[in-house]
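A short worksheet on the structure shown next.
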There are 2 protein chains.
Amino acid sequence: MNTLDVAGKLRGAGLRPTRQRVCLAELLFREGDRHVTAEKLHEEAARDDVRVSLATVYNTLNQFTQAGLLREVAIEGSKTYFDTNTSGHHHFYVEKTGELFDITDGVCLAQTPQAPEGMEISRIDVIVRLAERR
Amino acid sequence: MNTLDVAGKLRGAGLRPTRQRVCLAELLFREGDRHVTAEKLHEEAARDDVRVSLATVYNTLNQFTQAGLLREVAIEGSKTYFDTNTSGHHHFYVEKTGELFDITDGVCLAQTPQAPEGMEISRIDVIVRLAERR
DNA sequence: TTCACTGCAAATGATTTGCAAAGCA
DNA sequence: TGCTTTGCAAATCATTTGCAGTGAA
């Protein structure tokens, strides 16, 4: 995906393609599925000699999420992960390292639970926690 | 469950039954399954005229969790939830209110995913997020 | 008595926000 | 030019920690 595409993608999402948004979007979307924290993306940008403040990385990730370009992943603990794959899928989480990656086999629920009165299911998250084999 | 039982339960878990631990344990375990945050449990203790510092509530919840009396539940966002039901089961999460409760129908995965080389599954968390029906 | 536990306040870590300066349309 | 973004530093929120005082055995 080149710079023009990214700019278009941002415009399409209603986001002005500023230098920092374009750079971050390239980092996020040039490879396949990615799972990043704000901190990691910030470091990565720094490595690429892209000057972006950490605050802007946070703001940008939130804007991308609101725009539907990213999805937040629910993990207990302090850090928030963002996933470039916004379609419904589940995750492995390596407890020791904090790594997060997609489950590729077609894991799904045997039955969809019944939502309580007046409520509807907005999303189902499945996290499979992994530990080293003893 | 009365005070004596609670004290026994704590001793059984290797925890000295101090006043604050006993009080908190009573709040947690006297009813059925509960899902609390440190903040909420602290308020609840205050309402019962139990003097406990918030720091102690945090420490106690962590100790109970380590002792296997509680289970931490993974929800995205800032707050940590503790569940008095430590057996494998899944949750509904009401996005608007932050409420958390058990899924009672027997929802489970259609197939257990294959853990990667050298890893084993330590736990599977399923969170069904609920929104108000439009 | 002795060592674990508690409370307070200060420290921490992740994330957000206010506001002036800079950038895009 | 005019409104949007950015960067910085300060603010916030949930949680943890250091340490002196308190309590259980």
| task | Specify the residue among B:A55 and B:L15 whose closest nucleotide of DNA chain C lies further upstream toward the 5′ end. | result | B:L15

| Which residue lies more 5' along DNA chain C, comparing A:R19 with B:V52 via nearest heavy atoms | B:V52

| Are A:V73 and A:F82 connected in the hydrophobic side-chain network, where two residues link if heavy atoms are under 4.5 Å apart? | no

Find the distance [X]:[atom1] to [N]:[atom2] and express it as a whole number of Å.
X: A:L61; N: C:dT16; atom1: CG; atom2: P; result: 10 Å
X: A:I75; N: C:dT15; atom1: CD1; atom2: P; result: 13 Å
X: B:E72; N: D:dT16; atom1: CD; atom2: P; result: 8 Å
X: A:Q66; N: C:dT16; atom1: CD; atom2: P; result: 11 Å
X: A:Q63; N: D:dT4; atom1: CD; atom2: C1'; result: 10 Å
X: A:R51; N: D:dT6; atom1: CZ; atom2: P; result: 13 Å
X: A:K79; N: C:dT12; atom1: NZ; atom2: C1'; result: 13 Å
X: B:R21; N: C:dC5; atom1: CZ; atom2: C1'; result: 7 Å

| So does B:E120 have more than 12 non-hydrogen atoms from other groups sitting under 6.0 Å from CD? | yes

| request: Please say which of B:D33, B:D83, B:D102, B:D125 ends up in a salt bridge (charged side-chain N to carboxylate O under 4.0 Å, His left out) with B:R71. | output: B:D125

Is [X] near enough to [N] that one of its side-chain N or O atoms lies under 4.0 angstrom from OP1 or OP2?
X: B:S78; N: D:dT15; value: no
X: B:T18; N: C:dA4; value: no
X: A:T80; N: C:dT15; value: yes

| task | With heavy atoms under 4.0 Å as the rule, sort A:Q20 into base, sugar-phosphate or nothing. | result | sugar-phosphate

| said: Just to be sure I understand the rule, does A:T37 reach a base, reach only the sugar-phosphate, or reach nothing, if contact means heavy atoms closer than 4.0 Å? | reply: nothing

Among [options], the nucleotide that comes nearest once only the side chain of [X] is considered:
X: B:Y58; options: C:dT17, D:dT5, D:dT15; answer: D:dT15
X: B:S53; options: C:dT15, D:dA14, C:dG7; answer: C:dG7
X: A:N62; options: C:dA9, D:dT6, C:dT16; answer: C:dT16
X: A:R16; options: D:dT5, D:dA24, D:dG7; answer: D:dT5

| query | From A:Y58 OH over to A:T80 OG1, what is the distance, rounded to the nearest 0.5 angstrom? | reply | 7.5 Å

